[in-house]
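Notes to accompany the following structure.
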Amino acid sequence: MEAGTAPRSRCLLDENTFTENFKNQINTRKTYLCYEVEIVDGDARVPLDEIKGFVHNKGANQPGEPCHAELYFLDRIHSWTLDRRLHYRLTCFISWTPCHTCAQELATFLGENSHVSLHIFASRMYRRFDYEAGLRRLQAAGAQIAIMTSKEFEHCWETFVDHQGRPFQPWDGLEVESQHLCKKLQEILQTQQN
DNA sequence: ATTTTCAAT
C-alpha cells in the first residue's frame with residue numbers, strides 16, 4: 001500500500017537539535033549522524049531520497065547497552081540490502097568523527113562491501129584513545145574523511161532539518177573552527193602508518 | 001597552542 005508512506009517530517013531533525021549537536025565549537029555527549037545514499041552509474045549519481053535520514057547514539061546514561069551512532073548506521077545499511085551488482089555512494093554527516101572502534105567497524109564493512117563507497121564529513125573531532133589510528137585505518141579502507149565546512153552545514157540544514165523555510169544561520173566562529181579542524185585532520189591522515 | 005569528547009583511559 002503506497003498510502004502508508006511515512007510523512008517527510010519523520011526523517012527531519014528539529015532545528016535546535018541540529019544546532020546543538022553540530023555546532024563545532026561546543027562539545028556534546030551525544031552524536032548525530034545524517035546519511036544520504038546515491039547510486040553511482042558512471043559519472044552520474046542518482047540520489048535514493050527514500051532512504052536518507054539520521055541516527056543518533058544511545059548513551060551510557062540511557063537504559064540498555066550503549067551504542068555509538070555508527071553502529072546504528074551500519075544496521076540501517078544492512079537493512080537496505082543494497083544490490084551488490086550496483087555501486088552506491090554513502091555520505092554521512094556526523095557530529096563527531098568516529099572513535100577508534102567504530103572506525104575499525106566501518107573499515108571492515110568497506111572491506112567486505114566493495115560496491116559501497118563512503119564519504120564522511122564530521123563537525124568535530126573525537127580525540128580520545130587511539131582515534132588517530134582509527135581515522136587512518138578508515139581512510140586506508142577507502143573512506144573519504146573530511147571536516148564539515150559551511151557548505152556541508154548548509155547542505156545538512158537544507159536536507160535534514162525541519163527548518164520551516166528559514167535559511168541556515170552560521171554561528172560565529174564556524175569557519176575558523178572548521179579550518180582549524182581541517183588542518184588537524186590533514187595532519188593525522190597524512191602521517192605515515194606503522 | 002587550542003581536549004575531556006558516542007561518560008568513567
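Per chain, numbering begins at 1; letters A, B, ... match sequence-line order.
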Minimum-distance nucleotide (side-chain atoms of [X] versus [options]):
{"X": "A:Tyr126", "options": "B:dT4, B:dC6, B:dA7", "answer": "B:dC6"}
{"X": "A:Pro66", "options": "B:dT9, B:dA7, B:dT4", "answer": "B:dA7"}
{"X": "A:Glu70", "options": "B:dT9, B:dC6, B:dT4", "answer": "B:dC6"}

Under the side chain to side chain donor-acceptor pair (under 3.5 Å) test, which residues partner A:Glu50, sequence neighbours left out? none
What's A:Thr28 touching, base or sugar-phosphate or nothing? Going by heavy atoms closer than 4.0 Å. sugar-phosphate
Which is true for A:Thr101 with a 4.0 Å heavy-atom rule: it touches a base, it touches only sugar-phosphate, or it touches nothing? nothing
Whole-angstrom distance between B:dT9 and B:dT4, as gauged at atom C1': 11 Å
Residues at least two apart in sequence or cross-chain that pass ring pair (Phe, Tyr, Trp, His ring centres under 6.0 Å) with A:His155, listed by chain then number, are A:Phe93
Ring pair (Phe, Tyr, Trp, His ring centres under 6.0 Å) partners for A:Tyr88, two or more places apart: none
Within this structure, what is the [atom1]-to-[atom2] distance between [X] and [N], rounded to whole angstrom?
{"X": "A:Phe22", "N": "B:dC6", "atom1": "CZ", "atom2": "P", "answer": "15 Å"}
{"X": "A:Leu106", "N": "B:dC6", "atom1": "CG", "atom2": "P", "answer": "17 Å"}
{"X": "A:Ile147", "N": "B:dT2", "atom1": "CD1", "atom2": "P", "answer": "17 Å"}
{"X": "A:Arg127", "N": "B:dT2", "atom1": "CZ", "atom2": "P", "answer": "9 Å"}
{"X": "A:Glu132", "N": "B:dT9", "atom1": "CD", "atom2": "P", "answer": "19 Å"}
{"X": "A:Phe93", "N": "B:dC6", "atom1": "CZ", "atom2": "C1'", "answer": "19 Å"}
{"X": "A:Trp96", "N": "B:dA7", "atom1": "CH2", "atom2": "P", "answer": "12 Å"}
{"X": "A:Arg124", "N": "B:dC6", "atom1": "CZ", "atom2": "P", "answer": "10 Å"}

Do any side-chain nitrogens or oxygens of A:His100 fall under 4.0 Å of OP1 or OP2 in B:dT9? no
Nonpolar side-chain network containing A:Val40, other nodes, edges under 4.5 Å: none
Hydrophobic clusters join Ile, Leu, Val, Met, Phe, Trp and Tyr when side-chain heavy atoms are under 4.5 Å apart, directly or via other members; which others share one with A:Phe129? A:Trp96, A:Tyr126
Residues of residues 172-187 of chain A with any non-hydrogen atom less than 4.0 angstrom from an atom of DNA chain B: list those, numerically ordered, please. A:His180
Evaluate the side chain to side chain donor-acceptor pair (under 3.5 Å) criterion for residues A:Ser178 and A:Glu175: first the C-alpha distance (whole Å), next the side-chain angles of each, then the deciding distance (0.1 Å), finally the verdict. CA-CA 5 Å; A:Ser178 172; A:Glu175 285 294 348; 4.9 Å; no
Ring centres of A:Phe153 and A:Trp171 under 6.0 Å apart? yes
Nearest heavy atom decides the nucleotide; on that basis, is A:Cys67 or A:Phe129 closer to the 5' end of DNA chain B? A:Cys67
